[in-house]
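Report on the following structure.
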Amino acid sequence: MSEPGGDAAVTEVQRPRRVRPSYTPYLLLLPGLAWLVVFFVVPTLSLASQSLQTGNVETGYTLTWHFQTYVDALSHFWPHFARSIIFAGIATLLTLLLAYPLSYFIAQKVGRWKNFLLVLVIAPFFTSFLIRTLAWQTILTDNGPVVALARSTHLTDLLQWVQLTNNDSLMNSRFAVICGLTYNFLPFMILPLYANLERLDHSLIEAAGDLYATPIKTFWKVTWPLSLPGVVGGTLLTFIPAAGDFINSRLLGNTQTVMIGQVIDSEFLRVQDYSTAAAVSFVLMAIIVVIVAFYVRRAGTEELV
Amino acid sequence: MSDQVPSAFQAALARGLISRRTAMAGVAGLAGIAGLAACGSAGKTPTPGATTKARVKAATDTSDTDKLVNWSNWPAYMDVNEKTKSHPTLDAFTKKTGIKVNYTEDYNDNEEFYAKVRPLLEAGSDTGRDMWVSTDWMVARLIRQDYVQKFDLANIPNHSNVDDSLLNVSFDKGRLYSLPWQSGFTGIAWNPKSTGGKKIETIDQLLTDPILKGKVTLLSEMHDTVGLVLLALGKDPASFTAADFDAAIAEIQKAKDAGQIKGFTGNDYTKPLASGDTAACIAWAGDVVQLKADNPSLGYALPAQGFMLWSDNFVIPNLAKHKKNAEMVINYYYDPAVMAEVVDYVNYISPVKGTKEVLLKIDPPVASNPLIIPSQDVLSRSHVFRGLTAAEETDYNRKFQTIVTG
């Protein structure tokens, strides 16, 4: 609540200045707002309501404010939540490491090849998500060249030692799931980074050079801070969907790599326990909102908004 | 909701004590709670024995004036002309009757499809479909929830061609609501490349043989996986008890904890099996018949202790607009000559008597494949999973999913 009288005073000063009130901005907002209400607010409320109901599909549900569902969901599925956050976090970090140099290269170094390379980045989107994930089954297959190379370089031993795989194969492991997530969400990191780095003002880098900054120092003091909005945008676009993903862990993982998206799928479709499914979805949403809010605040990029 | 906004609040608003934005947030909050409550009350009150609720079943049948039928089916479940990408038997039906078949392959998964149509059926509205093809246990659920209509057998005279063994099923006594489209076996498949040439012919071997460690997949379809394990334990999937079910679950859990199982799959087990990444798995016979065309060395066993027989069945949902046309389609496919053409392509088991005789003429190798045309002896060792009550279904699915999602 604002301080008494404060608002009124301000509006009274402002009012005479307005010549004709224009409704156009509000009208332009209307479709977007209506969309949000119908496809976000109402479903979110319905989900919240569902999570607090008891009953079953056949006899119907009634709202009983049954908060125990949340307690049960968290105590059963906390390992899946933790696993999803960790997998998505690692995948996000990997996409950043891969995408940053690539985006910089496309944005600054390739001249007229820019558009062509961007098309190459987006090209995988022309195939379905499912097919792209299934392709990794072929890439990481036991008799394939990738596994042969990994075995001859003892990469498989290393991965097994850090517990990313369980045996000397690569498929059906944490490693495979993280690879799939990294690959599938890479374009979501590249595009915002590219859009940002493309606008990078070269005179600032030249100025840094004039002031005897080493290339590394120039990067950390000039390029990196300027690219933060792109980094934050890219990491959000990667992390959020990756945390809720269930295709990669299903097709590339094993019984120890089940992510929370699979749990929601199973509770909603197979067990038909809609309340638990809704509660798990809600907790996932809450966790992501908290992480993102904390992250955006830390990154401190007002330019994003 | 606004009439319930406290007057003190309105007064504060009028005096400008509360900014408009705060007020809107407050109202939104109240509306939110109202919304939660509204969603709750929109649900039905639970009534014991809810299957007795009255439902509008039949719509006005426009079959005679509207020469159309909407059929949802599983992908790759119909003969295809590779050149024109058309379905020859469907085209022939249209030519013969003048009825256009709107054939859609949007039935990928029983549960997913159910989740899609349930809200419509529950609300008593038309699903836009006149027929679809559901697996046995899903048929049991659809009948239990009163979502499907009785056939008018007068429109299906070829109904007498249906194999007798498929007419007497526990979930639909007398086959009033469902008729079989295709059947199949669930057994064990293995790739000799990865088993060292060893044959994997029992569930016990699949779940415990160290040579398969970490290279086994089971089906995420509970009825198939648990059914086979029940048989391995000497129990009948057609009449097991809750304790039997728990014993089967414990068996699977043990194998999972030992690291024997690498995953639970749907149809996607086929590629890793063919490549050898999966050494052995629970598999559907029709898939393996197709896989063997490219990988002749693959092995397939129907366990001696018994194996599962499932069917996918025609059903006609409530309020279907072209019920009679749908029944004419069913009647058409129960002609052995037509069914033989379909089976020749999809390689599942035909529910129609006389299919073998036709196949012997048009494609003898298929007719002599025991997985497509099984002998009576083989059929007698097959088992059908029994229909479940609502409570059992929830309980069993939860126990099984606890293993799947670990």
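Residue numbers begin at 1 in each chain, while the letters A, B, ... track the order of the sequences.
Side-chain contact between Pro272(B) and Gln137(A) is present, with heavy atoms from C-beta onward closer than 4.5 Å.
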Q. Taking it one step at a time, do Lys256(B) and Gln256(A) satisfy side-chain contact (heavy atoms from CB on, under 4.5 Å)?
A. CA-CA 10 Å; Lys256(B) 185 190 159 184; Gln256(A) 315 298 327; 4.1 Å; yes
**Q.** Chi angles and distances behind the side-chain contact (heavy atoms from CB on, under 4.5 Å) call for Arg250(A), Thr405(B)
**A.** CA-CA 10 Å; Arg250(A) 222 200 75 154; Thr405(B) 60; over 6 Å; no
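Interface remark: of the candidates Thr265(B), Thr402(B), Asp268(B), Asp268(B) forms the most heavy-atom pairs closer than 4.5 Å to chain A. Contact tally against chain A (heavy-atom pairs below 4.5 Å) for Lys213(B), Glu112(B), Lys193(B): the top residue is Glu112(B).
A donor-acceptor contact under 3.5 angstrom links the side chains of Gln401(B) and Ser266(A), judged on distance only. A side-chain donor from one of Asn172(A) and Lys262(B) sits under 3.5 Å from a side-chain acceptor of the other. At a cut-off of 3.5 Å, with distance as the only test, no side-chain donor of Lys271(B) or Thr141(A) sits close to an acceptor on the other residue.
The contact between Tyr114(B) and chain A is made entirely by side chain atoms (from C-beta outward), counting heavy-atom distances below 4.5 Å. Interface remark: Asp395(B) contributes no atoms to any contact with chain A (heavy atom separation under 4.5 Å). Heavy atoms of His80(A) lying under 4.5 Å from chain B belong exclusively to its side chain. Residue contact with chain A, scored on non-hydrogen atoms closer than 4.5 Å, involves the side chain of Lys215(B) exclusively. Heavy atoms closer than 4.5 Å to chain B are found in the side chain of Gln272(A), but not in its backbone. Heavy atoms of Tyr274(A) lying under 4.5 Å from chain B belong exclusively to its side chain.
With Arg270(A) as reference, Glu111(B) is the one residue of Arg398(B), Glu221(B), Glu111(B), Met222(B) to meet the side-chain contact (heavy atoms from CB on, under 4.5 Å) rule.
Counting only distance, with no hydrogens or angles, the side chain of Asp142(A) and the backbone of Asp277(B) share no donor-acceptor pair below 3.5 Å.
Note that CG of Asp265(A) and CG of Asp109(B) are 8.0 Å apart. Values are rounded to the nearest 0.5 Å.
Shown here for Gly263(B) and Thr255(A), the closest heavy-atom pair between the two residues is CA-CG2, 4.0 Å. Nearest heavy atom pair, residue Val271(A) against residue Thr394(B), reads O-CG2, 4.1 Å.
By the neighbour-count criterion of 12 heavy atoms within 6.0 Å, atom NZ of Lys254(B) is sparsely surrounded, having that number or fewer from other residues, nucleotides or ligands.
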